*Asks:* 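One structure, pasted below without further comment.
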Amino acid sequence: MMTRKRLISAVIGATLTFGATASAYAATTFKLSHNHPRDHAVHEAMTFMAKEVREMTDGEVRIRIYPDAQLGSQRESMELMQNGALHMVKTNAAELEAFSPEYAAFNMPYLFRDQAHYYSITDGEVGRDILNSSEKSGFIGVTYYDAGARSFYTNKPINTPEDLKGMKIRVQPSPSAIAMVEALGGSATPLAYGELYTALQQGVVDAAENNIPSFGLSRHSEVSKYFSLDEHTMVPDVLVISTEAYEGLSEEHQKALMEAATKSSEYMKGLWAKSEAKERAKAEKMGVKFVSINKQAFVDAVQPMYADLGKTNPELSELVGRIQAL
Ligand code: GCU
């Protein structure tokens, strides 16, 4: 089997030699990296998108998907894309905060009233503005993929923020996620997703937080037996493309790509609901307890984050205000 390092060099080597538009049929083939396994709903949704775009462009635009962080963590993939070695990355709004501050809005806890409110943002004008906000960093957002709500998991029930006191909690590399865990009384440890299973197993961290499908498919359910449904954030997955790759397409192909992506994002909503139910049932069979809790103490504890935003970051505070007003 090819090692990850060799695979990355082979992929990058091929890119540098042939560029993005390299087949005998003059088709454009984009390489897309993400960090979930093939049986994750987002892989299925993007496979659907790749098929759609290929059909819509008579085979002239193709997308080759590299799952499982084969080409590196989300962070590494973003850097490869900025260097021109990769064309597309499926990452998420927490990871993107470091590249484009507008994404921080999605990382504010208890921002969305419910799923309908969340979809009105990801499918609407505010969501599109955020997707376009990264142009100066050399990429743009193509679409969002539903990633449900994130909750804490560890080896004891978390009923109130007090239960998090003194715990080392893994977060994504997002300043807002760090601020949230600190506001709740825990100690935040940013780590790449791929390192988390071992970190939980060896006690490098005590707890983590994620949505149910990722919790199950990453097998964190083997090493954390309580999933407490505090549902603090709704952080969408985001598909991004380098501006260089996007601008290399004809207008017609750009339109086809965007249409295929939007369709796949709709398709994902159904896949997501099924995946949540399936992964929850699987985890329960393995002895995981899903704990329903009263969220009010969590909501109260994070309110200072909103007050601070008003003082320290008026632009972001305005964006958050736009989301709340919808
Ligand atoms: C979710 C998300 C990933 C992310 C992961 C994480 O699973 O889909 O994009 O890497 O959370 O917590 O790191």
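In each ligand, atom 1 is the first atom listed, and ligand 1 is the first ligand listed. Note that the structure is predicted; figures quoted are calculated from it, not measured. Below, all heavy atoms of this structure are taken into account, side chains as well, without hydrogens, waters or symmetry copies.
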*Asks:* Name the closest protein heavy atom to atom 3 (C) of ligand 1, giving the residue it belongs to and the distance to 0.1 Å.
*Replies:*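 The closest one turns out to be Gln74 OE1, 3.4 Å.
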*Asks:* Would you please say whether a donor-acceptor pair under 3.5 Å links the side chains of Ser174 and Tyr103?
*Replies:*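 Note: Ser174 and Tyr103 side chains miss the donor-acceptor criterion.
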*Asks:* Evaluate the salt bridge (Lys or Arg N to Asp or Glu O under 4.0 Å) criterion for residues Glu279 and Lys282: first the C-alpha distance (whole Å), next the side-chain angles of each, then the deciding distance (0.1 Å), finally the verdict.
*Replies:* CA-CA 5 Å; Glu279 292 306 321; Lys282 262 170 58 189; 3.1 Å; yes
*Asks:* Do any N/O atoms on Asn211 end up under 3.5 angstrom from N/O atoms on ligand 1?
*Replies:*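 N/O-N/O distance under 3.5 Å: no.
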*Asks:* Classify the contact between Leu196 and ligand 1 as side chain, backbone, both or neither, using a heavy-atom distance cut-off of under 4.0 Å.
*Replies:*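 The answer is neither.
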*Asks:* I need the atoms of ligand 1 closer than 4.0 Å to a non-hydrogen atom of Arg150, numbered in the order shown.
*Replies:*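 Close to Arg150: 1 (C), 6 (C), 11 (O), 12 (O).
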*Asks:* Under a heavy-atom criterion of less than 4.0 Å, does Glu209 contact ligand 1?
*Replies:*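 The answer is no, since Glu209 has no heavy atom less than 4.0 Å from ligand 1.
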*Asks:* Which of the atoms in ligand 1, numbered in the order shown and given with their element, are less than 4.0 Å from a heavy-atom of Asn92?
*Replies:*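 It comes down to these atoms of ligand 1: 2 (C), 3 (C), 4 (C), 9 (O).
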*Asks:* Does the ring centre of His117 sit less than 6.0 Å away from the ring centre of Phe112?
*Replies:*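 Yes.
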*Asks:* Would you call Glu79 and Arg75 a salt bridge, using N to O less than 4.0 angstrom?
*Replies:*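 Salt bridge between Glu79 and Arg75, a charged N being under 4.0 Å from a carboxylate O: yes.
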*Asks:* Does one side chain, of Tyr153 or His220, offer a donor that lies under 3.5 Å from an acceptor on the other?
*Replies:*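 Side-chain D/A pair, Tyr153 to His220: present.
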*Asks:* Taking 4.0 angstrom as the limit and counting only heavy atoms of Asp237, give me the atoms of ligand 1 inside it, by number and element.
*Replies:*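 Ligand 1 atoms under the 4.0 Å threshold to Asp237: 2 (C), 8 (O), 9 (O).
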*Asks:* Mind checking whether Ser214 contacts ligand 1 via backbone (N, CA, C, O), side chain (CB onward), both or neither, at a 4.0 Å heavy-atom cut-off?
*Replies:*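 Only the side chain of Ser214 comes within reach of ligand 1.
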*Asks:* Tell me if the aromatic rings of His87 and Tyr246 count as close, with their centers under 6.0 Å from one another.
*Replies:*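 No - the distance between ring centres of His87 and Tyr246 does not fall below the 6.0 Å cut-off.
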*Asks:* Regarding atom 6 (C) of ligand 1: of the candidates Glu95, His34, Arg170, Glu195, which has the closest heavy atom?
*Replies:*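 Checking each option, the heavy atom nearest atom 6 (C) of ligand 1 is found in Arg170.
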*Asks:* Identify the closest protein heavy atom to atom 1 (C) of ligand 1: which residue and atom is it, and at what distance?
*Replies:*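 Looking only at protein heavy atoms, the one closest to atom 1 (C) of ligand 1 is Asn210 OD1, 3.4 Å.
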*Asks:* List the closest protein heavy-atom neighbour of atom 10 (O) of ligand 1: residue, atom name, distance to the nearest 0.1 Å.
*Replies:*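 For atom 10 (O) of ligand 1, the nearest protein heavy atom comes out as Asn35 ND2, 2.9 Å.
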*Asks:* As a quick check of understanding, evaluate side-chain contact (heavy atoms from CB on, under 4.5 Å) for Tyr144 and Leu131, giving each step before the final call.
*Replies:* CA-CA 9 Å; Tyr144 296 101; Leu131 291 177; 3.6 Å; yes
*Asks:* Can you tell if the side chain of Leu32 reaches within under 4.5 Å of the side chain of Tyr66, non-hydrogen atoms only?
*Replies:*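 Leu32 does not reach Tyr66 side chain to side chain.
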